[in-house]
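Written out below as structure tokens is the structure these notes cover.
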Amino acid sequence: MTSSSAAARKNLSKIACNRLQKELVEWQVNPPTGFKHKVTDNLQRWVIEVSGAPGTLYANETYQLQVDFPENYPMEAPQVIFLHPAPLHPHIYSNGHICLDILYDSWSPAMTVSSICISILSMLSSSTVKQRPEDNDRYVKNCRNGRSPRRQGGGSMMIKYSN
Amino acid sequence: MGNKLGRRRQVVDEKFTRPQGLYNHKDVDHKKLRKLILESKLAPCYPGDEETALDREECPICFLYYPSLNRSRCCTKSICTECFLQMKVPNSTRPTQCPFCKTANYAVEYRGVKSKEEKGLEQIEEQRVIEAKIRMRQQELQDEEERLHKRLETGSANVNVAVADVEYSTNAAAASSVSVVEHEEIVSSQDSCATSMFRPPPPTVRTNRDDEFDVDLEDIMVMEAIWLSIQEKGKQRNLSFPDVTSGQYVADPHYALPVMDLQTGSSSSPSGGLACAIAALAERQQVTGDSSTISTSENTSFNTQGSRRYYNRIGRDMVSYTPTDNLNEVPTNDTVMTRGHGEWDIVHGQEVAQTSTSYASSAAAEDGDEISLPQSGDIDGGLQSTTNPIVPESFEEQMMLAMAVSLAEAQAMSSGHGASWQ
């Protein structure tokens, strides 16, 4: 998995650990609609199953999100990618990278895993066409080391979701 | 509101004027921080509790609980002092955005412990959010249910199509069983039951039909007989034809046309083609020895006008058939019919309204209790349209037609048990 090279990370900070534990509890009590957290003992990497919203292009399809939390979560955004196979979407590269501004520059520590998930589902649901980003091949080729779209200069095509 | 209370200077323990080590703060001006806390411009750095307790507020960034928190000026969201210090990115050219509402130039103020009014307002807000969430859930469930219903409906319709298809193609008797399906299906929308069969068909069904050619000789005979009897009774209403036929009828010839073109061949007049086809098919029937019982029963039922189901069927055949002026496109007739079975939408208000025509009178008399007026009306439309273009021109054609008719009549006479099919 190219994406995890950057995630050969330090352990979570105390605050990150505390927050993630609480997020997990909150998730279990009130999971966002269409998502299922796959239980592991790894707090630092969540695998979440996404079900395409009914009535959208991705209805009846399920995908897997992998969420890796940095040491300084929530001050830094988690790294969120789709595991193979990634959904066909104009803002999702075939290696699973997602062009979504809140995962990069527009991240705010007030966001949670739950809110990220809702944003991603919203991104999927609003799609009108199932296709890869135009620069998919180039991007994936240049991306072997697992850098995120932001550092690749892919931000220009990033979907802007405030909040 | 709450200003008095909030602005009141608190005596803050010295140890709470320093960060408690929640983060590894860099570039924090400790002097300035201490001053701000002592002046009650920032919340004291109380150590956050992991568990909630009475009168504690949760910082939405670190998820810890504090006696009091700062508020953002833009959106009054809470934040603890240590998290706030993290938000101010040092050496950044960009002004800090509010982490909650993204307003530029994020700034906070401290009002002390939340007043009762504030807490009340927050509780109301929370209550609203919960209610909205419940509404959302309910809406989702409702939508899901509707979707499920739709899927079931289309599913059952498809099954019916399949049944109709198979049974009809095996023999003409299937017409009755098809009708049974229809009537069950249409219980909920009685007005539309007759007319719904004329829906523009899905093209896919049609291809299956092209190879089943000689099955419907009976149909042709029956149609011809109908036509003749109508003509003989002098019930021609040629003028009304364009009005009576609705858009659905008009659409049918288009479907029929390609097939017809292939098979029309040499006929010089509309009825000439008709007659030729009848003759040819009659020959064919003798050769292949097709069972005549089915056709006779059909004829019977038609002649006595006792079966509304046959009406439906015949009427439909006529309708789809007549504008093309050709008998040969039997498959097309079938197609039109099958398509009709497949779809149950309510379409034909006008057609139902146009029931009171010549045919209807006799049909109604025969049908008795069966409410078949809409159907007979449809047939009528079809019949009238038939009479318009098809007039035998040559003597030969007339003879052939006559033969066909007498054949049909003879069959009808010989086995008079059409009622059994009802």
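Order of the sequence lines sets the chain letters (A, B, ...), proteins ahead of strands, with each chain counted from 1.
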For atom CG of B:D29, is the number of surrounding heavy atoms from other residues, nucleotides or ligands below 6.0 Å larger than 12? yes
So, the part of B:Q97 with a heavy atom under 4.5 Å from chain A: the answer is neither
* To do: Taking atom CD of B:E51 as the centre, report whether more than 12 heavy atoms of other residues, nucleotides or ligands fall under 6.0 Å from it.
  => no
Closest non-hydrogen contact found for B:E144 with A:P54 is OE1-CG, 3.8 Å
If you look only at distance, which donor and acceptor atoms sit under 3.5 Å apart when one is on a side chain in residues 33-40 of chain A and the other is two or more places apart or in another chain?
from: A:T40; atom 1: OG1; to: A:N42; atom 2: N; distance (Å): 3.3
from: A:T40; atom 1: OG1; to: A:N42; atom 2: O; distance (Å): 3.4

Residue pairs passing the ring-ring contact (aromatic ring centres under 6.0 Å, His included) test with at least one member in residues 58-84 of chain B, sequence neighbours excluded, are B:F84-B:Y106
Applying a strict 4.5 Å limit to non-hydrogen atoms, the region of B:K133 in contact with chain A is side chain
The interface call for A:P109 against chain B, heavy-atom contacts under 4.5 Å, is both
Rounded to the nearest 0.5 Å, the CD1 atom of A:I15 sits from the CD atom of B:E82 at a distance of 8.5 Å
When rounded to the nearest 0.5 Å, the distance separating NZ of A:K14 from OH of B:Y23 is 11.0 Å
Nearest heavy-atom contact between B:K102 and A:S108 is NZ-CB, 4.0 Å
inquiry  = Around atom CZ of A:R132, are there more than 12 heavy atoms from other residues, nucleotides or ligands closer than 6.0 Å?
reply    = yes
Q. Got A:P74 and B:I61 here, is their nearest side-chain heavy-atom distance under 4.5 Å?
A. yes
Determine whether a donor-acceptor pair (N or O, by modelled atom type, separation under 3.5 Å) exists between the side chain of A:K22 and the backbone of B:C62.
no
Whatever's closer than 4.5 Å to a heavy atom in chain B on A:E23 counts as both
